There are 2 protein chains.
Amino acid sequence: MPDGAPVTAVEETYTISQLAEAFELTPRTIRYYEDEGLLTPRREGQQRVYTHRDWARLKLIMRGKRLGFTIAGIKDFLDLYEVGDAQVPQMRFLLKSARDRITTLEQQLRDVQQTLVDLKDIESLVVDHLAKKGALDV
Amino acid sequence: MPDGAPVTAVEETYTISQLAEAFELTPRTIRYYEDEGLLTPRREGQQRVYTHRDWARLKLIMRGKRLGFTIAGIKDFLDLYEVGDAQVPQMRFLLKSARDRITTLEQQLRDVQQTLVDLKDIESLVVDHLAKKGALDV
DNA sequence: CCTTACGTTTACGTAAACGTAAGGGTAGGG
DNA sequence: CCCTACCCTTACGTTTACGTAAACGTAAGG
């Protein structure tokens, strides 16, 4: 190992369109998330430079979207992951936020499970119906 | 029991504002759902008359909203419950819809569960932090 | 008869989450 | 040097899911 080589590898970075393609978004959308404070990429001149940290955040953002959260809701959620450097009153606030969100997620969990039960009932009902009609291929 | 009494009780009905209060919606919202084809109440003169069937549909609508579905998505979902009187091609379509929706719901289930794990981690992390700082009351 | 409380329709307003176009900068390749 | 392919900002357009206001009908109560 040559002298003076950095201990940590040079961090891998991404352009906006690389991120866009990876997450099947448009650059416009990613800039929008920045406007809303969900991402804060470094700048090189005018260009945005994204790191694996932004990548991770985008994964959380996409998950939040699949759960039907609003962008503002996702922002609050992301803030919860930044607990490290918070003072006591701020941490109390975060704790309450986290617990509130846990409550609604537990409701959502029940809703998803019940809906899955309903849909599977419907599915077998339809399959039976089709079977009787002689349209046998499930 | 006097002669000629109806076998089935007179069906209980609701006004729009009764439904609105029960589900914490506004009448405007309920009329909107009608515009979008989610509800089709009977009319008495000009007034809408809702039955327990509409009540049940509204419960499903609210669940769909908690799951982050769009109104159009909820409409498709409600249609699945109306399988009874469908012809074979229509039933094939419904079957595919149901299965698609099951797939995304199973993804949503995983998302909810993972997010709950994350949030509970964060919660205990914050609690520990507060404990160390002497702010002991959990 | 007048007010209050409900219901109705029609229609414009609004917030959220982007899409889309206009106009311009920069780096590399032929 | 020009073209292509990116990047940027600014700003107006669009869809969804209602809110809100106007203008009116009707039945009950004082």
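All chains are named by letter (A, B, ...) in the order of the sequence lines, taking the proteins before the strands, and each is independently numbered beginning at 1. Keep in mind the model is a prediction, meaning the values are calculated, not measured.
- Contact annotation: the side chain of B:T15 never approaches that of B:E21 to less than 4.5 Å [non-hydrogen atoms, C-beta and beyond].
- Of the residues listed (B:R48, B:R28, B:R57), the one engaging B:E34 in a salt bridge (Lys or Arg N to Asp or Glu O under 4.0 Å) is B:R48, and it is the only one.
- Here the closest non-hydrogen pair linking B:K75 and B:E36 is CD-O, 3.4 Å.
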Stepwise salt bridge (charged side-chain N to carboxylate O under 4.0 Å, His left out) test for A:D35 and A:R31: CA-CA 6 Å; A:D35 287 346; A:R31 293 194 193 101; over 6 Å; no

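- For A:L39 against A:P41, the heavy-atom pair with the smallest separation is C-CD, 3.6 Å.
- Each of A:T70 and B:S17 was assigned the nucleotide of DNA chain C with the nearest heavy atom; the assignment lying further toward the 5' end belongs to B:S17.
- Scanning for ring pair (Phe, Tyr, Trp, His ring centres under 6.0 Å) contacts around A:Y32 gives an empty result, with sequence neighbours left out.
- Using a 4.5 Å cut-off on side-chain heavy atoms (C-beta onward), A:T115 and B:F77 make contact.
- Listed by residue number, A:T26, A:R28, A:T29, A:Y32 are the residues of residues 20-32 of chain A with a heavy-atom contact under 4.0 Å to DNA chain C.
- Taken together through direct or relayed side-chain contacts under 4.5 Å among Ile, Leu, Val, Met, Phe, Trp and Tyr, B:V49 and B:L58 form parts of separate hydrophobic clusters.
- Both key distances under 3.5 Å define a Watson-Crick or G-U pair, and stretches of 3 or more such consecutive pairs in DNA chain D run C:1-30 with D:1-30.
- Contact of the B:E82 side chain with the B:L94 side chain is not registered, since no non-hydrogen atoms from C-beta on lie closer than 4.5 Å.
- Looking at A:R110 and A:Q107, their side chains do bring a donor and an acceptor atom within 3.5 Å of each other.
- Side-chain atoms of B:Q108 come within 3.5 Å of backbone atoms of B:L67 as a donor-acceptor pair (strictly under, hydrogens ignored).
- When DNA chain D is scanned in the 5' to 3' direction for atoms under 4.0 Å from non-hydrogen atoms of chain A, the outermost contacting nucleotides are D:dC6 to D:dA11.
- Within residues 53-69 of chain B, no residue has any heavy atom closer than 4.0 Å to DNA chain C.
- Residues B:D121 and B:S124 approach most closely at O-OG, 3.0 Å, considering heavy atoms.
- The shortest non-hydrogen separation linking A:L109 to B:L116 is CD2-CD1, 4.1 Å.
- Between B:D54 and B:Y14, every side-chain heavy-atom pair lies at or beyond the 4.5 Å cut-off.
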Polar atoms only, N or O, under 3.5 Å: list the protein pairs with nucleotides 24-28 of chain C and their distances.
none

Please walk me through it: do A:R101 and A:D76 pass side chain to side chain contact (heavy atoms under 4.5 Å, CB included)? CA-CA 10 Å; A:R101 177 100 21 159; A:D76 294 348; 4.2 Å; yes

